[in-house]
*Asks:* 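Structure incoming, see below.
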Amino acid sequence: MRLLVTGGAGFIGSNFVHHVVEHTDHHVTVLDKLTYAGNRASLDGLPEDRVAFVQGDIADAAVVDTLVADADAVVHYAAESHNDNSLDDPRPFLDTNIIGTYTLLEAARRHDVRFHHISTDEVYGDLELDDPERFTEKTPYNPSSPYSSTKAGSDLLVRAWVRSFGVRATISNCSNNYGPYQHIEKFIPRQITNVIRGIRPKLYGKGENVRDWIHADDHSSAVLTILEKGEIGQTYLIGADGEQNNKDVVELILELMGQPRDAYDHVADRPGHDLRYAIDSTRLRTELGWQPKYRDFRSGLAATIEWYRDNEAWWAPAKDATEAFYASKGQ
Ligand SMILES: NC(=O)c1ccc[n+]([C@@H]2O[C@H](COP(=O)([O-])OP(=O)(O)OC[C@H]3O[C@@H](n4cnc5c(N)ncnc54)[C@H](O)[C@@H]3O)[C@@H](O)[C@H]2O)c1
């Protein structure tokens with residue numbers, strides 16, 4: 001297949017491109033605007049006869065039309081993805097997550113191209129810490145932030161384009177990813193690179209918030225499975241039973257990096273901070289036969305720490321500006 005991967009220079013998109021090159025014969029064209037979050041170097045080392053790169057905006061209808069017409073399937077990762085940024089300036093989230101997705105859907109409709117939409121479990125809002133339930137494909141949407149509300153809006157556009165126009169689309173909503181190539185503004189790489197730089201890690205509030213961690217490579221294998229075997233019009237939740245609260249994650253990072261487990265600071269909590277996410281991925285596992293490979297968070301995190309230690313040249317250029325941004329907010 002010829003895959004068009006939007007946002008393929010970002011964290012999860014680049015992990016997907018590496019995964020596809022390693023595990024399939026598909027050809028990939030990446031369409032990425034290279035915002036502050038995109039990094040061309042995340043695709044370094046991939047064979048040129050398998051991966052092409054186009055710098056462009058998913059809201060640019062002309063560019064999108066040409067590339068979609070040439071593809072067998074679109075895998076749509078591109079998004080503004082950081083909750084904190086969406087609280088400061090929601091506008092780019094509307095432009096990319098809503099208008100960009102609309103632009104891609106219209107091209108997929110014109111050219112009858114298979115479409116897979118990548119989304120997040122944050123569209124479901126949050127759960128109480130002691131709630132026995134987890135999110136399923138039937139959980140009502142209840143997003144909290146400008147980021148998650150624009151992702152929810154994009155999911156609904158995809159559903160409408162399936163129903164009204166017969167676009168051959170599937171959707172996946174995944175829990176929090178960790179692994180290589182994640183921007184250091186995000187929780188886990190920020191703390192790892194802080195420790196490498198001798199800066200004390202920062203924990204929002206008391207750190208009781210729970211995230212359901214999955215390795216980005218497992219996310220990639222799940223997306224490929226859905227692309228190959230998923231039923232058109234369906235939504236699949238992707239998760240690997242990896243619930244951890246933020247306090248435990250910071251303390252584990254410190255321990256794995258040879259520091260005292262309490263060598264971190266508490267900072268003011270994020271406004272509207274979702275309490276807990278938890279995914280029930282039974283449908284994906286039973287209907288499509290998918291299984292995660294990284295079941296041990298401790299060893300997956302240790303490997304991720306090694307990657308950031310070995311790849312300082314990849315993240316160092318963004319470190320000072322990222323910390324200056326957080327410092328200006330007292331975080
Ligand atoms: N990070 C997570 O834990 C997580 C979990 C579930 C779902 N997701 C979803 O996965 C997708 C990728 O997330 P990520 O963490 O890799 O994000 P990221 O911010 O690391 O990467 C986003 C990429 O999209 C590109 N991009 C942004 N606007 C664009 C535009 N208008 N046109 C073309 N390219 C553009 C950026 O340059 C960047 O390369 C998003 O749709 C996100 O909602 C993320």
Side-chain angles (χ1 to χ4, degrees), residues 4-18 29-43 53-61 63-64 67 74-86 91-104 116-124 135 143 145-155 158 171-190 211-220 222-223 235-240 242 274 277 279 281 304 314-315 318 322:
L4 176 64
V5 177
T6 71
F11 164 41
I12 310 180
S14 63
N15 273 279
F16 179 73
V17 177
H18 283 273
T29 299
V30 169
L31 171 61
D32 198 296
K33 188 176 175 183
L34 295 182
T35 67
Y36 80 96
N39 191 339
R40 187 72 180 77
S42 302
L43 301 170
F53 182 82
V54 177
Q55 184 171 1
D57 192 326
I58 57 164
D60 181 335
V63 172
V64 162
L67 295 175
V74 177
V75 188
H76 174 32
Y77 287 92
E80 285 293 336
S81 70
H82 192 33
N83 267 311
D84 288 340
N85 292 346
S86 82
R91 179 64 201 234
F93 290 73
L94 291 153
D95 292 337
T96 290
N97 302 358
I98 300 286
I99 300 297
T101 301
Y102 155 77
T103 307
L104 286 160
H116 182 70
H117 179 63
I118 305 294
S119 193
T120 164
D121 61 355
E122 300 190 28
V123 299
Y124 299 116
F135 299 136
S145 72
Y147 164 63
S148 52
S149 61
T150 56
K151 290 299 292 185
S154 67
D155 293 7
V158 176
I171 299 174
S172 54
N173 297 81
C174 187
S175 60
N176 280 62
N177 286 222
Y178 72 98
Y181 301 112
Q182 186 170 28
H183 195 285
I184 53 164
E185 69 186 355
K186 301 290 188 344
F187 177 58
I188 285 180
R190 181 175 180 219
R211 299 293 176 261
D212 190 352
W213 293 101
I214 181 173
H215 194 281
D217 195 53
D218 281 333
H219 188 177
S220 297
V223 168
T235 290
Y236 298 89
L237 262 56
I238 305 173
D274 282 342
Y277 307 133
I279 287 265
S281 59
T304 303
W314 181 89
W315 57 262
T322 303

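Whatever order the structure lists them in is the order used to number ligands and atoms, beginning at 1. Source: prediction; values computed, not measured.
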*Asks:* Do R40 and F53 meet the cation-pi criteria used here (NZ or CZ under 6.0 Å from the six-membered ring centre, within 45° of the axis)?
*Replies:* yes

*Asks:* Compare every heavy atom of I214 with every heavy atom of I238, then report the nearest pair and how far apart it is.
*Replies:* CG2-CD1, 3.7 Å

*Asks:* Select one of side chain, backbone, both or neither to describe which atoms of N173 lie under 4.0 Å from any atom of ligand 1, heavy atoms only.
*Replies:* neither

*Asks:* Quick check on H183 - does any of its heavy atoms sit under 4.0 Å from an atom of ligand 1?
*Replies:* no

*Asks:* Hey, does H117 have a side-chain heavy atom less than 4.5 Å from the side chain of T101?
*Replies:*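 Of all side-chain heavy-atom pairs linking H117 with T101, at least one is under 4.5 Å.
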
*Asks:* Identify the two heavy atoms, one from A9 and one from V30, that lie closest to each other, and give their separation to 0.1 Å.
*Replies:* N-CG1, 4.0 Å

*Asks:* Under 4.0 Å, heavy-atom basis, I'd like to know which part of H76 is in contact with ligand 1: side chain, backbone, both or neither.
*Replies:*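 Within the 4.0 Å criterion, H76 makes no contact with ligand 1.
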
*Asks:* Short list, please: which atoms of ligand 1 are under 4.0 Å from a heavy atom of T120?
*Replies:* 6 (C), 7 (C)

*Asks:* Judged on heavy-atom distance to atom 6 (C) of ligand 1, which of S14, G100, C174, G13 sits nearest?
*Replies:* C174

*Asks:* Using heavy-atom distances, let me know which of Y147, Y77, W213, F16 sits nearest atom 43 (O) of ligand 1.
*Replies:*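 Of the listed residues, Y147 has the closest heavy atom.
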
*Asks:* Against heavy atoms of S81, which atoms of ligand 1 measure under 4.0 Å?
*Replies:* 17 (O), 18 (P), 19 (O)

*Asks:* Taking only heavy atoms of S175, which atoms of ligand 1 are found under 4.0 Å from at least one of them?
*Replies:* 5 (C), 6 (C)

*Asks:* Pull out every atom of ligand 1 sitting under 4.0 Å from any heavy atom of N176, numbered as shown with elements.
*Replies:*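 Within the 4.0 Å cut-off of N176, ligand 1 contributes 3 (O).
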
*Asks:* Tell me, which protein residue and heavy-atom name are nearest atom 13 (O) of ligand 1, and how many Å apart are they?
*Replies:*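 Heavy-atom neighbour on the protein nearest atom 13 (O) of ligand 1: I12 CD1, 4.0 Å.
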
*Asks:* Ignoring angles and geometry beyond distance, decide whether L31 reaches within less than 3.5 Å of ligand 1 through its nitrogen or oxygen atoms.
*Replies:* no

*Asks:* Any side-chain donor-acceptor pair under 3.5 Å between N97 and T150?
*Replies:*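 Yes, side-chain donor-acceptor contact under 3.5 Å.
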
*Asks:* State the atoms of ligand 1, each with its element, that fall below the 4.0 Å cut-off from a heavy-atom position in K33.
*Replies:* 29 (C), 30 (C), 31 (N), 32 (N), 33 (C), 34 (N), 35 (C)

*Asks:* Hey, which atoms in ligand 1 end up nearer than 4.0 Å to a heavy atom of I118?
*Replies:* 9 (C), 10 (O), 41 (O)

*Asks:* Which ligand 1 atoms are under 4.0 Å away from a heavy-atom of G56?
*Replies:* 32 (N), 33 (C)

*Asks:* Ignoring hydrogens, just give me the one of A37, A216, A78, S148 whose non-hydrogen atom is nearest atom 24 (O) of ligand 1.
*Replies:*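 Selected option, by shortest heavy-atom distance: A78.
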
*Asks:* Could you tell me which atoms of ligand 1, counted from 1 in the order shown, lie closer than 4.0 angstrom to a heavy atom of A9?
*Replies:*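 Atoms satisfying the 4.0 Å criterion: 39 (O).
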
*Asks:* Under a 3.5 Å distance rule, please check whether K151 uses its side chain to pair with a backbone N or O of I118 as donor and acceptor.
*Replies:* yes

*Asks:* Closest heavy-atom contact between D32 and G38?
*Replies:* OD1-CA, 4.3 Å

*Asks:* Heavy-atom contacts under 4.0 Å between S119 and ligand 1: side chain, backbone, both, or neither?
*Replies:* backbone

*Asks:* Give me the residue, atom name and distance of the protein heavy atom closest to atom 3 (O) of ligand 1.
*Replies:*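 Sorting protein heavy atoms by distance from atom 3 (O) of ligand 1 puts N177 N, 2.9 Å first.
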
*Asks:* So between A79, G38, G8, whose heavy atom ends up nearest atom 27 (C) of ligand 1?
*Replies:* A79

